[in-house]
> 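A single structure is presented below for examination.
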Amino acid sequence: MKVDRQTVEHIAELAKLQLSETEIERFAEQLSDILNYAERLQELDTDAIPPTASVLPLSNVLRADSAQPSLPRDEALANTADQAEGQFRVEAVLDDSSD
Amino acid sequence: MTTYEGVIGLEVHAELETESKMFCSCAVVDSTSATPNTHVCPVCLGMPGVLPVINRQAIEFGLMVGLALNCEIPEFSQFARKSYFYPDLPKGYQISQYEFPLAINGWLEIDLPDGSTKRVHIRRAHLEEDAGKLTHEGDHSLVDLNRAGVPLLEIVSEADIHTADEAEAYARKLRAILRYLGVNSGDMSKGVLRMEPNISVRPVGSDELRTRTEIKNLNSIRSVTRGSAYEIERQSAVYESGGTVQQATMGWDEARQLTVVQRYKETAEDYRYFPEPDLPVLNVSREWVEEMRANLPELPDAKRDRFISEYGLSRYDASVLVAERAVAEYYEAALNAGGDPKQVANYITGDVFRQMNTEGRDRDDIGVIKLTPTALAALVTLVQNGTINHNIAKKLLEALYAEGGDPVQLVERQGLAQVSDTDVLSQAVAAVLDEHPDEVTRYLGGEEKLIKFLMGMVMRAMRGKADAQIVQGLLVEQLDARRT
């Protein structure tokens, strides 16, 4: 599968990343390579393999309930495009949240 | 005319009072008062490349709630991604549980106003992360993510509830259990406990399920009761006039006391649930479950039954005392200090609650009032052994409530002890009768209720400290002696 520059620009826009011309070309090539590599998995016959959510033989990975220092607020807000009163500022959303 | 009944299921979201968040180590803080965005980190901010790690305490709190609600705890549990796009969760999805919740198939016994009880079935209880908080300002919204990632337990009942009273009883009992378990403060005004009834109606006697509406994010038990009652009535009226109820998400307008449509649901939302690939699965061993079961405190119903059998209380008094864990603890502390079980119960549910109401204190604050359980026990004992009478006890209780202190010392210092000396009382009675010849004549002429007035006069002369029973006897005796 070939990733074209429009796709890279679209992904960069979604991820709020600013890419240079060279980066766009380099990432288009790299992303194409990665997807092509992953596509090889499609060739495998998986009919007899049950679906799984995780390939790691892990369970019950838990941490103790103890609080650690959080990020300083200016660092937490450093990447946002718009902020006010120490909060992220977004376009008004009419619909209410989920649950 | 058809009579309709409600068909109500309740979804309850309870934040769990862990120290840190569900999947990261940020502190859980009061999101109504903490400075915005001061308890956030790359995990709860949804930064790329970070990994969540499950908080063991949150799982254990969830298991405790499941067990307290008589649920089955499946051996396998798993988190799932629920995709939705809204700025209150920056990842673009909420980590929740879908196919494999922590607890399923439980029940809760509720107490109804007519004294009967009923079991409401619990469909499931699952863990998820809370979302951040939005403040809307004109064409923009401000996002505070302190609350994003706080452990949230969603408890879903079956649609077993048929009236607003039942919805209220369910909400109260569930809140009490969460507070007994120490997993949630129950402070609905702070949003740590939120309730959403979904409501439809049907003709009484039928078992059909009609279109339902959902009232979102109710933040008091009263609004659960009133919102449910309002929706049952509104939907019944719609059918009565030949209309149909539309599926909708409603809000409760507290000022106008009615439900308002927030949006109509035309299609089921597609959250594209799938197993959370960043979190390993949970195997809940039976040993773990039994360890949690052994950790459960005595719950309200068990405590109520014990108060009835151990202390001979009425079911009503016992229910009032156990409704708040702090009150039950105060009560038993007073008994340990030697107070009589029934008398202590009477004073708590009467005078103590009255003082607290006057002061505007919640009952769960009983542990911090100046009248200590030991002082109350001593006060009750002073009344029982005849050292002080009931009127003095009432005044003393007010003083102890306001100032604290030891009732035995106060009685000594202020000379409040009851006067039971027959000679002293006899003289006081004789003096009062001499001072009120008219009333004495009228009493002897048949106006027997005047004895109460004369009693009051003796009490006033004795500054409230006379033994009322002895005075009563002396009055009758001396009045009789004045018959000619």
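As the structure is a prediction and not an experimental result, all values here were calculated from the model. Every chain is numbered from 1, with letters handed out A, B, ... down the list of sequences.
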> Using a 6.0 Å cut-off, check whether atom NE2 of A:His10 has over 12 heavy atoms from anything other than its own residue.
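Open: at most 12 neighbouring heavy atoms sit under 6.0 Å from NE2 of A:His10.
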
> Examine whether an atom of B:Leu282 lies under 4.5 Å from a heavy atom of chain A, and if so say whether it belongs to the side chain, the backbone or both; otherwise answer neither.
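Interface part for B:Leu282: both.
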
> When rounded to the nearest 0.5 angstrom, what is the spacing between CG in B:Asn55 and OG in A:Ser66?
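Output value for this atom pair is 9.0 Å.
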
> Is it the backbone or the side chain of B:Leu145 that comes under 4.5 Å from a heavy atom of chain A, or both, or neither?
side chain

> Which bit of B:Pro42 comes within less than 4.5 Å of chain A, counting heavy atoms only: side chain, backbone, both or neither?
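Contact with chain A is through both the backbone and side chain of B:Pro42.
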
> Please check if the number of heavy atoms outside A:Glu39 that lie under 6.0 Å from its CD is greater than 12.
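Above 12, so yes.
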
> Quick one: CG on A:Asp65 to CE on B:Met22, what's the gap to the nearest 0.5 Å?
10.0 Å

> Taking every heavy-atom pair that is under 4.5 Å apart, which of B:Asp139, B:Leu89, B:Asn283 has the most such pairs with chain A?
B:Asn283

> Could you tell me which portion of B:Phe23 (side chain, backbone, both or neither) has an atom closer than 4.5 angstrom to a non-hydrogen atom of chain A?
backbone

> Tabulate, in ascending numerical order, the residues of residues 67-83 of chain A having at least one heavy atom closer than 4.5 Å to a heavy atom of chain B, or enter 'none'.
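When heavy atoms of chain B are the reference, residues 67-83 of chain A contributes A:Ala67, A:Gln68, A:Ser70, A:Leu71, A:Arg73, A:Ala76, A:Leu77, A:Asn79, A:Asp82 within the under-4.5 Å range.
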
> Counting only heavy atoms not in B:Arg286, do more than 12 fall under 6.0 Å of its CZ?
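Enclosed.
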
> More than 12 foreign heavy atoms under 6.0 Å from CD of A:Glu29: is that the case here?
no

> Nearest 0.5 Å, what's the CD-NZ distance between A:Gln87 and B:Lys133?
7.5 Å

> Pick one of side chain, backbone, both or neither for B:Pro36, based on which atoms fall under 4.5 Å of a heavy atom in chain A.
both

> Picking from B:Ser77, B:Gly251, B:Cys24, B:Ser96, which has the most non-hydrogen pairs under 4.5 angstrom with chain A?
B:Cys24

> Determine whether A:Asn60 and B:Trp288 make a side-chain contact, defined as any pair of heavy atoms from C-beta on separated by less than 4.5 Å.
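The answer is yes, as the side chains (C-beta and beyond) meet within the 4.5 Å cut-off.
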
> Check this for me: B:Arg212, atom CZ, are more than 12 non-hydrogen atoms of other residues, nucleotides or ligands nearer than 6.0 Å?
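Incorrect, the count does not exceed 12.
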
> Does any backbone or side-chain atom of B:Cys44 lie under 4.5 Å from a heavy atom of chain A? Answer side chain, backbone, both or neither.
neither

> Would you compute the distance between atom CG of A:Leu58 and atom CG of B:Leu279 and round it to the nearest 0.5 angstrom?
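Between A:Leu58 CG and B:Leu279 CG, I get 11.0 Å after rounding to 0.5 Å.
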
> Look up atom OG1 in B:Thr35 and atom CD in A:Glu85, then write down how far apart they are to the nearest 0.5 Å.
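Separation between the atoms: 12.5 Å.
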
> Can you establish whether the number of heavy atoms outside B:Tyr98 located under 6.0 Å from its atom OH is more than 12?
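Atom OH in B:Tyr98 is not crowded, with 12 or fewer foreign heavy atoms closer than 6.0 Å.
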
> Flag yes if more than 12 heavy atoms outside A:Glu23 fall under 6.0 Å of its CD atom; otherwise flag no.
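More than 12 heavy atoms, drawn from other residues, nucleotides or ligands, come within 6.0 Å of this atom.
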
> How many angstroms lie between CZ in B:Arg56 and CZ in A:Arg63, if you round to the nearest 0.5 Å?
11.5 Å

> Non-hydrogen atoms of chain A under 4.5 Å away: do they reach the side chain of B:Glu276, the backbone, both or neither?
neither

